[in-house]
Each structure stands twice: as structure tokens, then as C-alpha cells.
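All ligand and atom numbering here is 1-based and tracks the order in the structure. Position 1 is the first residue of the sequence; numbering continues from there. Basis for what follows: all heavy atoms, side chains included, without hydrogens, waters or symmetry-related copies.
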Amino acid sequence: MTQSSRPQRFRAGRHRIVQGDSLQILRRMHSGTIDVVITSPPYNIGLAYESYQDSLTEDGYLGWMEDICAAIRKILTPDGSFFLNIAGTSAQPWLPFELAVRLRKQFVLQNHIVWVKSIAVDGSTVGHFKPVNSPRFLNRNHEHLFHLTLSGDVRLDRLAAGVPYKDKSNIARRGHAQDRRCRGDTWLIPYETVRKKEQKFHHPGTFPVALPELCLKLHGGNAEKVLDPFMGTGTTLIAAQRQGLTGIGIEIDPHYVSVARARLAAELAAARSPQNV
Ligand SMILES: C[S@@+](CC[C@H](N)C(=O)[O-])C[C@H]1O[C@@H](n2cnc3c(N)ncnc32)[C@H](O)[C@@H]1O
């Protein structure tokens with residue numbers, strides 16, 4: 001979990017990446033300086049990461065996550081948002097809920113968003129999921145996204161993250177200024193279809209860019225700095241770049257750091273290309 005070697009720092013455009021242990025680095029960051037934290041920590045379910053061993057005791061894991069979240073609490077601005085993405089497994093179904101309850105001492109659960117990775121509608125399935133081969137358990141098609149804040153009172157931009165009205169007559173009838181409404185707390189964000197592991201950057205647990213992008217839109221326009229303390233392949237930093245914000249990523253594994261740097265470099269080059277200027 002911890003590494004004694006000195007953190008290494010990299011820059012990509014206005015974004016920063018630190019290779020090292022997130023708890024050590026978070027504890028050294030200045031208080032009240034980060035507007036939005038979006039992260040998917042290791043879930044402690046034995047995923048085959050490049051170097052991190054994803055198999056602590058349950059109590060050890062929950063204690064470590066409490067320490068991580070206490071450090072995040074300290075660096076968040078008073079009206080900041082912390083989006084924590086986590087899921088359980090059939091063997092550990094209580095884990096996300098246990099963690100959420102432990103975090104009551106530190107945060108208000110302002111919203112509980114369900115990230116739907118796949119859903120069956122009218123007899124056909126949208127999205128992808130890893131099938132659970134068991135007569136006892138259903139396939140797990142969703143994950144949690146706990147929206148944690150310091151006060152529970154953070155003003156959000158619900159329409160920026162919203163959707164158009166299906167029935168356009170509602171716009172005038174209900175006196176809305178624009179064709180946009182809150183999308184609610186179930187977000188259908190399927191993974192892109194991939195055929196090879198390299199398309200997922202050889203990482204076992206990434207989220208789609210659309211997930212952190214939607215979190216940033218929902219948090220709204222007053223944000224500047226976005227942090228992902230378990231950056232993995234840099235997905236949150238790609239979202240920050242696309243939303244015109246400054247991203248900071250922390251990742252312990254040198255291989256994933258190099259993947260994130262390459263992804264960001266490609267994103268920055270695409271933004272500079274003549275079609276996008
Ligand atoms: C669920 S993955 C995050 C994936 C990321 N959301 C993405 O889209 O690529 C969790 C990451 O945390 C990293 N990690 C594990 N322990 C860490 C630690 N102590 N400090 C920093 N990173 C750590 C793992 O190497 C892994 O890449």
C-alpha cells in the first residue's frame with residue numbers, strides 16, 4: 001500500500017501527475033485547494049493490477065480508505081465535491097455500504113448516483129458487463145458513485161449535466177427557460193466496445209471518460225482544480241482537459257503513469273490540431 005521511494009512529478013500541459021503513494025502525497029497537499037475529487041480507488045476485490053496487491057483484510061481496507069478520505073476532506077474547498085466510485089462483489093456485497101457508513105463522520109452524502117453499465121430495456125440489452133456465473137447471484141451491472149460534500153449544501157449545475165425534455169410541451173407548460181432537465185441519479189454510461197486488452201490500456205478497472213466528465217458538469221462552473229488520487233490510466237485528467245480544468249493525478253504504478261502521460265499527450269495534441277482551433 002505504501003512506498004518509501006520519493007514521489008516523481010510530471011507535467012502535461014497545465015496538468016500534473018505524481019507517481020507515488022496517494023496517502024503520503026495527499027497528506028502533504030495544502031488545505032482547501034481542490035474543487036473536485038473524482039476517484040475510483042482499488043475495491044479490495046483481488047483485481048490483477050500491474051503492481052498493487054488488491055487484497056487487504058476488510059478492516060484494513062476500510063481503515064485505509066477512512067484515512068484516504070480524511071486527507072481528501074482536508075484538501076477539498078468548502079464548496080467542493082468528492083465523487084467516490086466503488087462497487088461490491090457477490091462475495092463482498094456490504095463493502096461499499098460499510099465504507100459509506102464509516103464516511104458519515106467526515107462527509108455529508110449529498111447524492112447517491114448509480115452508475116448503470118448495462119441495462120435490459122424492452123427485451124434488449126444496452127452496454128457491457130462481466131457475467132457472474134452462478135445460480136445464486138445476478139450479474140452486477142451497476143456501481144456506486146457517492147457524491148460527498150462538507151456541508152450537503154453545494155449548489156450544482158443540474159442542467160449542465162442534464163438532458164433534453166422528451167415531451168417538448170413540458171418546456172412552456174412548466175415555465176422552463178430551456179429544453180433541459182435534471183437527468184436524475186441513475187447514469188447509464190456503457191463502456192465502449194473493445195476487442196483487445198490494449199484498448200483498455202492493459203488496466204483491469206478503468207471507468208469511461210464520460211463518467212468524470214458528467215461529474216465535472218454537475219459540480220458546475222466554479223471549479224478549477226480536479227484531483228484523482230487513484231488516477232490509473234488518467235481518465236479523470238482527460239475529462240478535466242476536455243472541460244477546460246486543471247487535473248492532478250496520483251498513481252503508484254509507473255506503468256499506469258506512463259499510460260496516463262501518453263493519453264494526455266495525445267489529448268493535448270488533438271486539442272492543438274487545426275480542426276480544433
Ligand atoms: C480502480 S483503479 C483506477 C482506474 C482509473 N479510474 C482509470 O480510469 O484508469 C485504482 C488505481 O489505484 C492505484 N493504486 C493502488 N494503490 C495506490 C496507492 N497507495 N497510491 C496511489 N495509487 C494507488 C492502482 O495501481 C490502480 O491503478
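Considering backbone and side-chain N/O of Phe230, none are found under 3.5 Å from N/O of ligand 1. Taking distance alone, with nitrogen or oxygen atoms compared against 3.5 Å, Tyr256 stays at or beyond that limit from ligand 1. Between Ser22 and ligand 1, an N or O atom pair is found at a separation short of 3.5 Å.
Every atom of ligand 1 is numbered from 1 in the order shown, and the set under 4.0 Å from a heavy atom of Asp21 is 18 (C), 19 (N), 20 (N). In summary, the atoms of ligand 1 found under 4.0 Å from a heavy atom of Pro41, numbered by their order in the structure, are 1 (C). Close contacts between ligand 1 and Thr233 involve ligand atoms 7 (C), 8 (O), 9 (O) [criterion: under 4.0 Å to a heavy atom]. Close approach of ligand 1 to Thr235 (heavy-atom distance below 4.0 Å) involves ligand atoms 7 (C), 8 (O), 9 (O).
Ionic pairing of Asp67 and Arg102 is not present here: no N-O contact between side-chain nitrogen and carboxylate oxygen is shorter than 4.0 angstrom. A salt bridge links Lys168 with Asp179: the distance from a Lys NZ or Arg NE/NH1/NH2 to an Asp or Glu carboxylate oxygen falls below 4.0 Å.
Residue contacts with ligand 1: Gly20 is included, with a non-hydrogen atom under 4.0 Å away.
Looking at Thr235 and Arg263, their side chains do bring a donor and an acceptor atom within 3.5 Å of each other. A side-chain donor-acceptor contact under 3.5 Å links Asp79 and Asn222.
Of the listed options Gly205, Ser40, Ala239, Ser40 places a heavy atom closest to atom 10 (C) of ligand 1. Nearest-heavy-atom check against atom 11 (C) of ligand 1 across Glu251, Gln19, Met231, Arg263 picks out Glu251.
The aromatic ring centres of His147 and His112 sit 6.0 Å or more apart. Residues His144 and Phe97 place their aromatic rings such that the two centres sit under 6.0 Å apart.
Minimum heavy-atom separation, Thr149 to Gly80: CG2-O, 3.6 Å.
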